Amino acid sequence: MGSTGDEPIVMAGPVPFVDVVVDNAGGAVANKADPGGVLPQEDEYESIVSSLPSNPKLQLLCYQGKWLLESWVPGIIAIQRPGGGFAPRHGDVVLASLPKCGTTWLKALAFATMARRAHPPPPAAGDDDERRQRHHPLLRLNPHDCVPSMEKLFAAGLGSKMDALPSPRLMATHVHHSLLPASITDNPHCKIIYICRDPKDMIVSLWHFVRRRLPEIPFLELFESACEGRCLSSPIWDHILGYWNASKTSPETTVLFLRYEELLHDPADGVRKLARFVGQPFSPEEEEAGVVEDIVRLCSFEQMKNLEVNKAAGLSPVLQQNAYTNGSFFRKGGTGDWANHMTPEMAERLDAIVEEKLRGSGLSFRS
Ligand code: PAP
């Protein structure tokens, strides 16, 4: 990524966004709030949100028909502004997901794959290339510090930091497809990678996450709100269908639709798909050298969960949220935990609701 000579340094993306500091010559100050005129002013924001339905306990607002974390909404408004918040760039890759459906993992896999020339994934244990092992960004940073979450970044007034990232840029969103600006969804030069997960496991994972802030919240309360289409990022079927339909109707080069369960079953296949999709397929030499397997290992649940950085109590200052730490994003990392929290009747009810909503789409979560 860098250069030791006198020639100008040419950065190739993606780079960990927390490492990017923009000096005044770059026209932006990256490490402190810099609304740059794109965030709504407080009174304007108030006038937009004051009439919205809300769920104060879960800190949600119903914005444009979708239940969203209230802290994201100013960021979403900024991103949606035509000519305002988000300036698309050729080669942008947006990772999209419902919360708790594999976002952290997908961020790691996409970053490791797209940045592999600047940062080769460490080889298997036993190889003694310690320098590479120590220096890979995913060994010192949580994936959320490598790939920015757009609505959180814009809500923190750090949208200008996006402009400072070298291309190709890698970013993420939990926002529904219909809420994204046309500069992303109708842009043939912007690629979207979506990951979905069995909604039952998503709800269980979300409950464990929410309990860090609300230890007393009953599972049933979150389950009911999911069934009614009123929990975080709900309706969840709208979220999934929006990206599913886009993956069917857009040229297949612009939306890649992945499933958490399939990625667990064959992560190497998912990584190869991802690499082809972003226009960086693995060469025969890379295949021969085991680079795909190195990426899978680097990003595996066990590897990431046990890193010091992910055991630490901290979270990037940009994304600081009380009660959540780097470790909050790594819990069990498998499938089927719903059976430990739902009765068969509850599971059937949610499955039936989702099945009905997805009817005719060609997508199903029934096994
Ligand atoms: P986010 O949307 O808040 O970023 P997200 O990463 O999508 O969260 O979801 C966290 C889930 O992914 C957790 O699932 P669980 O609660 O059922 O265990 C977490 O354990 C799982 N997860 C995180 N990293 C990995 C990984 N490397 N491989 C597989 N699963 C992972």
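For clarity, every value in this text was computed on a predicted model and none was experimentally measured. For the single chain, residues carry numbers from 1 onward in sequence order. Counting starts at 1 for both ligands and their atoms, following the listed order.
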Notebook entry, point to check: Should we say atom CH2 of Trp338 is surrounded by more than 12 heavy atoms from elsewhere, each under 6.0 Å from it?
Noted result: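 Incorrect, the count does not exceed 12.
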Margin query: With a 6.0 Å cut-off (strictly less than), is the heavy-atom count around NZ of Lys305, excluding the residue itself, greater than 12?
Written below: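 Yes, because the 6.0 Å sphere around NZ of Lys305 holds more than 12 heavy atoms from other groups.
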Notebook entry, point to check: Charged N to carboxylate O below 4.0 Å: is that the case for Arg211 and Glu216?
Noted result: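 Here Arg211 does not pair with Glu216 in a salt bridge, since their nearest N and O are not under 4.0 Å apart.
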Pairwise, report which nitrogen or oxygen atoms of ligand 1 are under 3.5 angstrom from protein nitrogen or oxygen atoms, and how far apart they are.
{"residue": "ligand 1", "atom": "2 (O)", "partner": "Lys100", "partner atom": "N", "Å": "3.0"}
{"residue": "ligand 1", "atom": "2 (O)", "partner": "Thr103", "partner atom": "OG1", "Å": "2.8"}
{"residue": "ligand 1", "atom": "2 (O)", "partner": "His174", "partner atom": "NE2", "Å": "3.0"}
{"residue": "ligand 1", "atom": "3 (O)", "partner": "Lys100", "partner atom": "NZ", "Å": "2.6"}
{"residue": "ligand 1", "atom": "4 (O)", "partner": "Thr104", "partner atom": "OG1", "Å": "3.4"}
{"residue": "ligand 1", "atom": "4 (O)", "partner": "His144", "partner atom": "NE2", "Å": "3.2"}
{"residue": "ligand 1", "atom": "6 (O)", "partner": "Thr103", "partner atom": "N", "Å": "3.4"}
{"residue": "ligand 1", "atom": "6 (O)", "partner": "Thr104", "partner atom": "N", "Å": "2.8"}
{"residue": "ligand 1", "atom": "6 (O)", "partner": "Thr104", "partner atom": "OG1", "Å": "2.4"}
{"residue": "ligand 1", "atom": "7 (O)", "partner": "Lys100", "partner atom": "N", "Å": "3.2"}
{"residue": "ligand 1", "atom": "7 (O)", "partner": "Cys101", "partner atom": "N", "Å": "3.0"}
{"residue": "ligand 1", "atom": "7 (O)", "partner": "Gly102", "partner atom": "N", "Å": "2.9"}
{"residue": "ligand 1", "atom": "7 (O)", "partner": "Thr103", "partner atom": "N", "Å": "2.7"}
{"residue": "ligand 1", "atom": "7 (O)", "partner": "Thr103", "partner atom": "OG1", "Å": "2.7"}
{"residue": "ligand 1", "atom": "8 (O)", "partner": "Lys100", "partner atom": "NZ", "Å": "3.0"}
{"residue": "ligand 1", "atom": "14 (O)", "partner": "Arg197", "partner atom": "NH1", "Å": "3.3"}
{"residue": "ligand 1", "atom": "14 (O)", "partner": "Ser205", "partner atom": "OG", "Å": "3.4"}
{"residue": "ligand 1", "atom": "16 (O)", "partner": "Ser205", "partner atom": "OG", "Å": "2.6"}
{"residue": "ligand 1", "atom": "16 (O)", "partner": "Arg331", "partner atom": "NE", "Å": "2.7"}
{"residue": "ligand 1", "atom": "16 (O)", "partner": "Arg331", "partner atom": "NH2", "Å": "3.4"}
{"residue": "ligand 1", "atom": "17 (O)", "partner": "Arg197", "partner atom": "NH1", "Å": "3.4"}
{"residue": "ligand 1", "atom": "17 (O)", "partner": "Arg197", "partner atom": "NH2", "Å": "2.9"}
{"residue": "ligand 1", "atom": "17 (O)", "partner": "Arg331", "partner atom": "NH2", "Å": "3.3"}
{"residue": "ligand 1", "atom": "18 (O)", "partner": "Lys332", "partner atom": "N", "Å": "2.6"}
{"residue": "ligand 1", "atom": "18 (O)", "partner": "Gly333", "partner atom": "N", "Å": "2.7"}
{"residue": "ligand 1", "atom": "20 (O)", "partner": "Arg331", "partner atom": "N", "Å": "2.9"}
{"residue": "ligand 1", "atom": "20 (O)", "partner": "Gly333", "partner atom": "N", "Å": "3.3"}
{"residue": "ligand 1", "atom": "27 (N)", "partner": "Cys299", "partner atom": "O", "Å": "2.9"}
{"residue": "ligand 1", "atom": "27 (N)", "partner": "Phe301", "partner atom": "N", "Å": "3.4"}
{"residue": "ligand 1", "atom": "30 (N)", "partner": "Tyr260", "partner atom": "OH", "Å": "2.8"}

Check: Do you know the tightest heavy-atom contact between Tyr324 and Val210?
Finding: OH-CA, 3.9 Å
Note to self: If you compare all heavy atoms of Thr185 against all heavy atoms of His177, which two are closest, and at what distance to 0.1 Å?
What the structure shows: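 Between these two residues, the closest heavy atoms are CG2-NE2, 3.5 Å.
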Check: Side chain of Lys191, backbone of Val255: donor and acceptor closer than 3.5 Å?
Finding: no
